[in-house]
Amino acid sequence: MISLERIKQDKYEIVIGIETHVELLTKTKIFCNCSTQFGGKPNSQCCPICTGMPGALPMLNEKVLEKAIKLAIALNCKVSNISRFDRKNYSYPDLPKSYQISQLYMPIGRNGYLEINNINKNRIGIHEIHMEEDAGKLIHEDVNTLIDYNRAGVPLIEIVSEPDISSSKEAVEYLEQLRYLLIDLGISDCKMQEGSFRADINLSVREIESEKLGIRTEMKNLNSFKAVEDAIEYESNRQIAVIENGGSIIQETRRWDDNLKKSISMRVKEESNDYRYFPDPDLPPIIISETFINNIESNLPELRDEKINRYCNTWGIPLCEAEIIVSEKNLAKLFEETVKITNMAKEVSNWIIMDTMRVLKDKKIHINDIKLRPENLAKLIIMIKDGKINSTIAKEVFDAIFDTNLDPVVYVKENDLIIVENKEILREKINAIIEENPQSVEDYKNGKKKVITYLIGKTMKVMAGQADPKKTSEIIKEILEQL
Amino acid sequence: MNDILKMSATDISRLIKDRKIKVEELIQIQFKRIKQVEPNINSFISTNEEKAMIKAREVQELIDQGQLRNSNIVGIPIAIKDNICTKGIITSAASKTLSNYKPIYDATVINKLNDAGAIIIGKTNLDEFAMGGSTTTSYYGASRNPVNNDYITGGSSGGSAAAIAADQTFLSLATDTGGSIRQPASYCGVVGLKPSYGRVSRYGMIPFASSLDQIGTITKNVSDTVALFDAIYGNDGKDSNMITNQTFSMNKALASDIKGLRIGIPIEFMDEGLDQEIRDKVNDSVEVLQERGAIVEEFHLDILNYIKPVYYIIACAESSSNMGKFDGIRYGKDLANGEDLGLEVKLRTLFGIYVLTKDNYYQIYEQALKVRRLIKNNIDNAFTKYDVLIGPTVPNIVPNFREFEKDPYNINTSTKYTAAANLAGIPAISIPCGIDRRGLPIGLQIMGKSFCEEDVLRVAYTYEQAIKKNR
């Protein structure tokens with residue numbers, strides 16, 4: 001029997017489009033002045049506008065528009081010169097007005113792309129991005145369902161990709177890249193667990209080289225990148241199995257159950273699902289001038305890819321290291337500021353890639369809680385360069401100062417770790433060692449230069465690691481030559 | 001006592017500021033009158049004498065302290081159409097659905113009235129959710145025309161118009177989506193102004209059709225209209241469709257001088273379908289204005305024939321969405337039987353849903369938006385030649401209840417002349433210009449350029465003064 005895995009690889013390709021909903025980091029809601037803070041007492045952050053009381057009217061929060069334009073530019077979209085809000089009419093208890101203010105006919109940005117791989121420069125098309133308001137939250141109790149409207153009216157941006165994604169790996173890369181971008185731009189904190197970054201996966205399969213797209217399903221409730229990966233694997237296998245068994249896929253919305261590791265049908269999309277979209281007469285069209293767009297564009301912060309390029313090209317950091325450093329704001333900051341002081345990018349990079357990551361893991365410290373200041377990391381690196389400590393001791397010092405942020409210079413002094421620089425003391429000790437090891441003198445004279453390494457080791461042991469390896473090696477050679 | 005009630009609001013307000021009349025006394029007189037005639041007219045859904053008296057005492061205190069000198073409506077009783085939100089006071093929109101609804105906030109216009117020291121005395125009757133032209137679809141029963149109780153008041157602001165005509169109040173606020181201020185003002189023989197779209201904040205008005213709705217005024221005469229409009233216009237930062245810097249000059253509006261003013265009369269307004277008596281009265285009025293130095297010209301505005309269908313498509317589409325929340329879950333409670341809403345509201349909602357469905361959106365709704373744009377362009381174009389446009393407010397004379405019940409949808413034809421101003425967003429006023437063979441009032445409509453209320457009011461004021469003299 002041929003395995004499903006083989007059939008999947010040889011016969012089918014997967015077609016994925018992703019709709020991502022992102023909650024914006026604005027202080028107030030999209031159409032009123034209520035706070036957007038997460039976790040407030042239920043219904044403590046609402047007003048006639050966001051609860052849709054009769055007669056209340058929306059006023060667009062300009063910060064939302066600004067952030068949406070920022071994202072549109074960063075995603076290489078065409079920013080609309082005229083954009084408009086539309087009403088999406090549907091009746092659901094979490095939707096106080098019985099319609100959601102969204103954008104359908106004239107979204108803020110269209111036809112963009114996101115590069116998901118720094119080597120291949122693989123582009124995923126962005127169909128459109130649009131602004132909309134979030135709904136309230138239903139809280140199901142035993143008998144009753146309660147509604148918390150604190151989230152109603154929280155600004156969202158929806159990013160709709162083209163169906164350009166063909167594997168779970170690519171999907172995760174796309175989402176990771178998008179997440180970096182949103183965080184870098186200060187648009188969202190992208191906390192998947194709190195729901196501020198939600199991805200719905202549209203997936204279909206088709207036989208390779210088939211022109212026609214297969215029937216797709218939409219998957220919701222994906223709370224982590226791992227869940228996205230698992231869900232895509234599961235759903236593509238499910239669809240292929242259905243087709244292989246002579247069945248056909250039905251268009252439906254499925255809910256991912258992360259405990260069961262499977263998707264479950266939520267509702268079948270009916271043909272007649274009609275939201276009766278029309279332009280919201282309460283909100284006039286938004287006219288966006290070129291100057292406004294240019295102004296936002298010129299104030300965009302440095303994005304991840306630009307940063308990586310700068311690290312690689314200006315500072316000579318290998319791509320794989322640069323990618324790790326820029327993956328977290330804190331690492332990038334520690335890196336850049338330390339390089340500014342020391343001008344030793346490669347060394348700094350090594351400390352971050354190797355040692356910082358190691359200590360974080362060992363001590364179970366979160367990246368955001370790094371205490372080590374760039375000045376102190378710089379001092380440590382300079383002490384090594386000046387030969388005041390060797391790399392073994394440096395690691396010890398690093399571990400000690402990492403979560404205390406002690407001054408490494410002070411630490412080294414107090415703990416008596418500075419390398420013995422006095423040549424006379426060193427020579428005395430080495431003489432003694434050589435006297436104790438006559439065999440090594442014989443070996444050296446017979447051409448076995450390796451004994452030098454052996455003797456350095458011995459010396460280090462006697463000196464408790466505090467000898468300067470370079471000087472030690474010089475003195476040993478000197479003595480052996482004289483004998 | 002009733003002499004006071006016949007006076008104009010601005011005159012009374014002057015007497016109040018000069019402390020010749022006490023606000024409380026005036027309110028007491030007013031309520032006496034309300035009670036006396038209300039059984040015949042039914043213009044109010046609710047009144048609140050107690051609250052009005054408390055407010056009257058507060059305002060009197062301020063007047064005694066020498067405050068509120070700049071307000072022209074200080075101490076004046078005002079009735080509010082019951083689709084404008086008043087904090088803590090039931091705002092029903094004349095619907096069973098909202099018969100227990102107490103808003104937790106005041107509409108912007110209410111705040112402005114309170115600031116000006118006006119005294120809110122009650123909430124007036126209307127067609128349910130302002131959908132209609134008769135004030136007969138109200139959950140609280142029909143209002144009756146004060147001129148003759150056998151006749152309808154028109155609508156939807158029939159309560160506000162009747163209350164003015166019956167001297168139950170000096171001032172009233174109303175709303176106009178396709179003629180809901182001007183048509184009942186015409187039927188009841190009073191002055192009704194629909195300002196330009198975006199002139200008066202809609203914040204707190206229970207919407208019918210958001211892109212057409214406008215809060216306006218119904219009063220006894222033009223100078224009261226000017227005073228009330230002056231108190232309520234202007235950007236409040238809560239209605240996105242408002243323009244930031246707005247000005248209005250009461251002096252320009254009340255200048256009795258129209259020498260050289262260019263008046264256009266759309267021939268389609270005076271065409272077939274118009275009652276001959278109304279045509280005659282409008283022509284008489286135009287003559288009066290001509291005598292005062294206006295230059296009058298007839299012209300074609302073909303696009304007027306499309307007004308009715310376009311109006312109904314857009315108004316019902318928007319209202320079907322606005323009505324979504326009145327579903328028996330969020331507001332109202334009779335979801336199962338659907339008896340919370342009246343037939344007219346249901347019909348319009350269904351029609352609105354129909355024109356917005358995916359298949360119909362491009363075929364019907366978007367086409368209507370295009371024709372609306374065309375209508376607006378045509379009207380704007382007319383204003384390159386004329387300062388104001390004049391015609392009748394309605395094509396038919398006021399029907400009595402029997403006539404109305406026989407053919408209730410005939411009333412919708414009255415939208416023909418009025419809805420143009422809503423579709424184009426321009427200001428329009430209806431002022432009395434005579435009475436018909438049955439003794440019921442006839443209205444003259446004057447429309448102006450967007451945000452040029454001053455022109456419209458000046459023409460209305462000039463006409464009013466001229467008629468007074470002729471009498």
Side-chain angles (χ1 to χ4, degrees), chain A residues 30-33 43 46-62 65 84-102 104-106 135-136 138 145 147 149 152 270-287, chain B residues 83-87 91-93 95 97-98 101 103-108 129 197-198 201-207 209-213 236-243 314-315 317-327 329-331 352-361 365-366 369:
Chain A
I30 183 165
F31 297 121
C32 63
N33 288 323
N43 296 313
C46 34
C47 73
I49 298 167
C50 55
T51 54
M53 289 187 187
L57 295 171
M59 281 290 276
L60 177 62
N61 179 347
E62 293 246 341
L65 179 65
R84 212 171 56 182
F85 282 101
D86 301 299
R87 291 189 187 176
K88 181 182 183 182
N89 294 287
Y90 67 98
S91 189
Y92 200 68
D94 62 6
L95 200 61
K97 296 187 292 290
S98 257
Y99 60 81
Q100 180 194 29
I101 304 178
S102 180
L104 177 76
Y105 298 107
M106 299 168 99
L138 297 180
T145 296
I147 310 177
Y149 283 125
E270 288 160 39
E271 283 298 318
S272 60
N273 202 354
D274 190 336
Y275 295 115
R276 306 192 320 273
Y277 277 100
F278 75 106
D280 190 335
D282 287 333
L283 292 157
I286 310 160
I287 318 278
Chain B
N83 62 347
I84 297 172
C85 288
T86 41
K87 189 176 173 180
T91 300
S92 69
S95 180
T97 312
L98 291 179
Y101 177 60
I104 62 161
Y105 72 102
D106 273 324
T108 295
F129 284 105
Y197 189 73
S201 173
R202 289 188 300 120
Y203 190 80
M205 171 193 169
I206 297 177
S210 315
S211 76
L212 303 162
D213 288 343
D236 64 342
K238 288 179 176 174
D239 178 345
S240 310
N241 286 310
M242 298 195 82
I243 287 169
I314 290 171
E318 291 179 12
S319 86
S320 73
S321 170
N322 288 333
M323 290 303 294
K325 68 182 74 155
F326 304 111
D327 57 0
I329 299 170
R330 291 158 185 82
Y331 296 91
I353 288 170
Y354 174 77
V355 300
L356 284 180
T357 53
K358 228 179 255 167
D359 295 339
N360 289 335
Y361 180 85
Y365 185 72
E366 210 183 45
L369 290 184

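Order of the sequence lines sets the chain letters (A, B, ...), proteins ahead of strands, with each chain counted from 1. Keep in mind that the numbers below use all heavy atoms, side chains included, and drop hydrogens, waters and symmetry copies.
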**OP:** Specify which of A:Pro54, A:Pro281, A:Ser91, A:Cys32 makes the most heavy-atom pairs with chain B at under 4.5 Å.
**Re:** A:Pro54

Subject >> Which residues share a side-chain contact (heavy atoms from CB on, under 4.5 Å) with A:Ala56, sequence neighbours left out >> reply: A:Pro48, A:Ile49, B:Tyr105, B:Tyr203

Original post:
Got B:Ser210 and A:Arg87 here, is their nearest side-chain heavy-atom distance under 4.5 Å?
Top reply: yes

**OP:** Measure the spacing between CG of A:Leu57 and NZ of B:Lys238 and express it to the nearest 0.5 Å.
**Re:** 10.0 Å

Subject >> Proximal component of A:Asp282, with respect to chain B [non-hydrogen, under 4.5 Å] >> reply: both

Original post:
Given that the side chain runs from C-beta out, which part of A:Tyr99 has a heavy atom under 4.5 Å from chain B: side chain, backbone, both or neither?
Top reply: side chain

Original post:
Counting heavy-atom pairs under 4.5 Å to chain A, which of B:Ala107, B:Gly237, B:Pro207, B:Ser320 comes out on top?
Top reply: B:Gly237

Original post:
Quick one: does B:Phe326's side chain get under 4.5 Å of A:Ser98's, heavy atoms only?
Top reply: no

Subject >> Expected output: side-chain B:Lys325 to main-chain A:Gly52 donor-acceptor under 3.5 Å >> reply: yes

Subject >> Beyond-backbone contact of B:Glu366 with A:Phe278, side-chain heavy atoms, under 4.5 angstrom >> reply: no

Original post:
Quick one: does B:Arg330's side chain have a donor or acceptor within less than 3.5 Å of a partner on A:Leu95's backbone?
Top reply: yes

Original post:
Is it the backbone or the side chain of B:Phe129 that comes under 4.5 Å from a heavy atom of chain A, or both, or neither?
Top reply: neither

Original post:
So what's closer than 4.5 Å to chain B heavy atoms on A:Tyr277: side chain, backbone, both or neither?
Top reply: backbone

Original post:
Once you round to the nearest 0.5 Å, how far does CG of B:Asn322 lie from NZ of A:Lys97?
Top reply: 11.0 Å

Original post:
Could you state the interatomic distance from CE (A:Met59) to CG (B:Asn241), rounded to the nearest 0.5 Å?
Top reply: 9.5 Å

Original post:
Just checking, any donor-acceptor pair under 3.5 angstrom between side chains of A:Arg276 and B:Asn360?
Top reply: no

Original post:
Out of curiosity, A:Tyr275 OH to B:Thr357 OG1, how far, rounded to the nearest 0.5 Å?
Top reply: 15.5 Å

Original post:
Does a sphere of radius 6.0 Å around OH in B:Tyr331 hold more than 12 heavy atoms from other residues, nucleotides or ligands, not counting ones at 6.0 Å or beyond?
Top reply: yes

Subject >> Contacting region of B:Ile314 [heavy-atom separation from chain A under 4.5 Å] >> reply: neither

Subject >> Proximity of A:Tyr105 and B:Tyr361 rings by center, below 6.0 Å >> reply: yes

Subject >> Interface moiety of B:Ala209 toward chain A, non-hydrogen atoms closer than 4.5 Å >> reply: neither

**OP:** Sort B:Asp213 into side chain, backbone, both or neither according to what part of it lies under 4.5 angstrom from a heavy atom of chain A.
**Re:** neither

